[in-house]
Amino acid sequence: YATNIVQVTIPNTVTTIGENNNNSYGSFQECAKLNKVIFQDDSKLTIIGSSTFQGCTALKSINIPPTVTHIGHSGFKQAGLTSITIPPSVSELSAYAFMNCVDLETVTFEGNSALSDVNTYVFNGCTNLKTIYATSTTLNKWNIDPGPKKSFGGVEGVTIVLITKTVTISGTGTLTQDIVTSNINNININNTTPISVVIEGFKEIDETAFQNAQNLVQVTIPNTVTTI
């Protein structure tokens with residue numbers, strides 16, 4: 001294993017990382033120091049293969065490209081993720097994909113998920129996972145109601161929270177806290193309603209842009225943004 005890798009950039013020409021084989025070693029498996037994965041703009045990635053980021057304990061976050069359709073067996077097993085957003089393009093989320101991600105606290109299923117259901121063992125061993133966010137369209141497809149669940153994806157005691165509002169913020173230049181606050185207040189979102197924000201057009205996002213957005217659970221950032 002290349003155990004000293006700390007950052008990797010995946011070119012937008014790459015369509016598959018690793019193999020879709022439960023017994024194969026992952027491309028970055030056990031790269032324990034890897035803490036940043038960058039996908040180039042206009043990524044064409046469709047498959048994150050088996051065990052690709054298994055054991056990447058320093059990897060706290062990753063933005064999965066919206067082109068990905070498959071996340072393989074143990075793809076992020078024992079990674080250091082604290083939260084993860086599954087894009088709606090993902091139609092196959094294999095068993096143990098996030099197994100034993102003990103720091104994982106929240107999972108968001110973005111938009112109208114292509115998943116027909118969630119595998120029983122996807123989040124097995126994620127002992128700190130407490131909240132799953134999803135839209136009504138997705139939950140209806142899965143025939144699941146929001147609220148506390150005895151078990152979901154192999155985890156006991158999780159709560160499924162309905163994302164009820166989506167705010168699209170369009171503009172140019174820099175997205176600031178004032179712009180975010182103004183857009184959120186304009187649709188009268190209360191303090192307990194989980195919201196999703198879609199950003200369009202901006203080139204920069206100020207470091208305090210979302211400082212007071214306490215009910216924000218999901219942000220979609222476009223490839224026009226160059227600085228955060």
Side-chain angles (χ1 to χ4, degrees), residues 1-19 24-68 70-87 89-90 93-94 96-110 122-133 155 175 197 199 203-211 213 216-228:
Y1 305 117
T3 55
N4 289 319
I5 292 178
V6 296
Q7 178 175 312
V8 62
T9 298
I10 309 296
N12 57 18
T13 53
V14 173
T15 60
T16 302
I17 303 176
E19 299 179 11
S24 64
Y25 287 104
S27 301
F28 302 101
Q29 185 172 346
E30 304 301 335
C31 291
K33 296 181 181 179
L34 179 64
N35 60 46
K36 191 170 186 178
V37 178
I38 300 170
F39 296 98
Q40 284 188 336
D41 292 347
D42 301 319
S43 174
K44 297 175 180 63
L45 186 67
T46 58
I47 295 175
I48 297 176
S50 299
S51 302
T52 294
F53 297 105
Q54 179 176 335
C56 295
T57 52
L59 187 63
K60 300 301 180 182
S61 65
I62 187 170
N63 293 321
I64 299 174
T67 51
V68 171
H70 177 94
I71 298 176
H73 185 284
S74 303
F76 291 93
K77 180 181 178 181
Q78 296 172 334
L81 299 171
T82 57
S83 65
I84 189 70
T85 295
I86 311 296
S89 56
V90 174
L93 190 56
S94 301
Y96 308 115
F98 296 95
M99 181 180 181
N100 292 341
C101 290
V102 295
D103 294 326
L104 187 63
E105 297 179 351
T106 61
V107 175
T108 301
F109 289 93
E110 191 176 35
V122 167
F123 302 112
N124 195 51
C126 297
T127 52
N128 284 308
L129 179 57
K130 301 301 180 186
T131 309
I132 306 286
Y133 295 100
V155 179
L175 180 67
V197 167
I199 300 166
K203 292 185 176 181
E204 297 184 356
I205 298 176
D206 186 78
E207 61 183 7
T208 63
F210 301 107
Q211 182 171 310
L216 182 62
V217 299
Q218 176 179 310
V219 180
T220 302
I221 300 174
N223 57 19
T224 56
V225 173
T226 59
T227 303
I228 299 178

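Index from 1, following the sequence.
Here Leu81 contributes atom CG and Cys101 contributes atom SG; the two are 5.5 Å apart, rounded to the nearest 0.5 Å. Taken to the nearest 0.5 Å, the CD1 atom of Ile205 stands 4.0 Å off from the CD1 atom of Ile199. The distance from the CG atom of Leu104 to the SG atom of Cys126 is 5.0 Å, given to the nearest 0.5 Å. Rounding to the nearest 0.5 Å places OG1 of Thr227 at 12.5 Å from CG of Leu175. Considering OG1 of Thr131 and CD of Glu105, their distance stands at 8.5 Å, rounded to 0.5 Å. Residue Thr108 holds its OG1 atom at 9.0 Å from CD1 of Ile86, rounded to the nearest 0.5 Å.
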Show me the donor-acceptor pairs within less than 3.5 Å that the side chains of residues 6-16 make with the rest of the protein, sequence neighbours left out.
unit_1	atom_1	unit_2	atom_2	d
Asn12	ND2	Asp41	O	3.0

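Without hydrogens or angle criteria, Ser89 side chain to Val68 main chain gives a donor-acceptor distance under 3.5 Å. In this structure, Ser83 contributes its side chain and Thr106 its backbone to no donor-acceptor pair below 3.5 Å. Formation of a donor-acceptor pair under 3.5 Å by the Thr67 side chain with backbone atoms of Leu45 is found in this model. Ser94 places a side-chain N or O within 3.5 Å of a backbone atom of Ile71 that can act as its donor or acceptor partner.
Side-chain contact between Phe53 and Val37: present, with at least one pair of heavy atoms (C-beta onward) separated by less than 4.5 Å. Residues Ser50 and Ser74 fail the side-chain proximity criterion, which asks for heavy atoms closer than 4.5 Å. Between Ile62 and Ile84 there is a side-chain heavy-atom pair separated by less than 4.5 Å. Counting heavy atoms from C-beta on, the side chains of Glu30 and Gln54 come closer than 4.5 Å. In this structure the side chain of Phe28 never reaches within 4.5 angstrom of the side chain of Leu59, judged on heavy atoms. Counting heavy atoms from C-beta outward, Lys44 and Pro65 have side chains that stay 4.5 Å or more apart.
The ring pair (Phe, Tyr, Trp, His ring centres under 6.0 Å) search around Phe109 returns Trp142, not counting sequence neighbours. Residues passing the salt bridge (charged side-chain N to carboxylate O under 4.0 Å, His left out) test with Lys60, sequence neighbours excluded: Asp103.
Closest approach of Ile17 to Ser27, counting heavy atoms only: CG2-OG, 3.6 Å. In plain terms, the two heavy atoms of Ala97 and Leu93 that are nearest each other are CB-CD1, 4.0 Å.
Between His73 and Tyr96, the ring-plane angle classifies as perpendicular under the 30° and 60° cut-offs.
For the residue pair Asn4/Lys33, the side-chain donor-acceptor check at 3.5 Å is satisfied.
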